[in-house]
Amino acid sequence: MRVIFLGPQGVGKGTQAGLLGAELGIPALSTGDMLRAEVKAGTPLGQEADAIMKRGDLVPDSIMLGMIKNRIAQSDAQKGFILDGFPRTGGQAEGLDAMLADVGRPLSVAVLFTAPRAILLERLTGRRTCPKDGAVYNIVTNPPKVGNKCDNDGTELVQRADDTPEAINNRLDLYEQQTAPLADYYRAKDLLREVDGTQSIDAVQVALKSAFKAGATA
Ligand code: AMP
């Protein structure tokens, strides 16, 4: 199963990718997480990406394609993968297709999660993450059990550096301009399935499973 998750920031792709990946036994690969790991490690790539990410801009396609190519060549991705947050531009989508065609492993399905901007803004401003294990919470819709601490390891939760009002608005604008058109690209290939991301996490999971079964071909 080779799956991509499309949808604006805050729609719940990351949460659902983790749940579905665990169920299918395939890795959920978030390009945002990979970039944050590079920033944290202070690599040359991380240093280049840091300012771009803080503004909410997009990291260049050439960097993203190289990163994905290396990652999906690793052994844990040979059974399949879920790409969360990639592709985000036409160039990335075409590059991914070419890369997968080269190894004879085309995409199985593209899932588009949707939600109106007002809901996304509310979710993104309320988002908190655990710096230790990456768990994601929302102070309104999915709060931690105790105070501002991670349920799994008790670490104090933090707000992402790019969850500021300016960067959030920039990211949502860029999504509309650069990423939303990819829905038509995958629809034309008959790979697109849509899921209403405004529902609860459990309800989205149920909707995703049926959309996924209907759309998965290999
Ligand atoms: P995310 O965690 O998916 O919200 O991504 C955080 C940030 O990482 C984005 O705002 C971009 O700056 C960068 N990023 C993640 N994935 C991509 C991608 N596929 N193309 C370009 N930039 C990306």
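In each ligand, atom 1 is the first atom listed, and ligand 1 is the first ligand listed.
- The pair D173-R117 meets the salt-bridge criterion, since a charged nitrogen lies less than 4.0 angstrom from a carboxylate oxygen.
- If you number the atoms of ligand 1 from 1 as listed, the ones under 4.0 Å from a heavy atom of R36 come out as 2 (O), 6 (C).
- Compare D57, L35, V59, L58 by their heavy atoms: the one nearest to atom 11 (C) of ligand 1 is in D57.
- Taken to the nearest 0.5 Å, the CZ atom of F86 stands 13.5 Å off from the CZ atom of R71.
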(request) Would you please test R127 and L124 for side-chain contact (heavy atoms from CB on, under 4.5 Å) and show each step? (result) CA-CA 5 Å; R127 178 157 73 182; L124 289 165; 3.5 Å; yes

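- Nearest protein neighbour of atom 4 (O) of ligand 1, counting heavy atoms only, is R160 NH2, 3.0 Å.
- Scanning all protein heavy atoms for the shortest distance to atom 20 (N) of ligand 1 gives Q92 NE2, 2.9 Å.
- Between G85 and ligand 1, a contact under 3.5 Å exists for at least one N or O pair.
- Taking 4.0 Å as the cut-off, R55 does not count as a neighbour of ligand 1 on heavy-atom distance.
- With a heavy-atom cut-off of 4.0 Å, M53 touches ligand 1 through backbone and side chain alike.
- In summary, the side chains of T198 and D196 do present a donor paired with an acceptor at a separation below 3.5 Å, with no hydrogens or angles considered.
- In this structure, of R171, R88, Q9, the residue bringing a heavy atom nearest to atom 5 (O) of ligand 1 is R88.
- In this structure, CD1 in I72 is found 5.0 Å from CG in L100, a value given to the nearest 0.5 Å.
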(request) Let me see the working for D163 and R171 under salt bridge (charged side-chain N to carboxylate O under 4.0 Å, His left out), right down to the final yes or no. (result) CA-CA 10 Å; D163 279 346; R171 282 151 65 207; 3.1 Å; yes

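- Assignment of K13 to the shell around ligand 1 is not supported, since no heavy atom sits closer than 4.0 Å.
- When the heavy atoms of I68, L174, T31 are ranked by distance to atom 16 (N) of ligand 1, first place goes to T31.
- In summary, the side chains of T89 and Q178 do not present any donor paired with an acceptor at a separation below 3.5 Å, with no hydrogens or angles considered.
- The D162 neighbourhood of ligand 1 comprises atoms 6 (C), with distances under 4.0 Å to a heavy atom of that residue.
- Both L35 and I52 sit in one connected hydrophobic cluster of ILVMFWY residues. Membership requires side-chain heavy atoms under 4.5 Å apart, directly or through other members.
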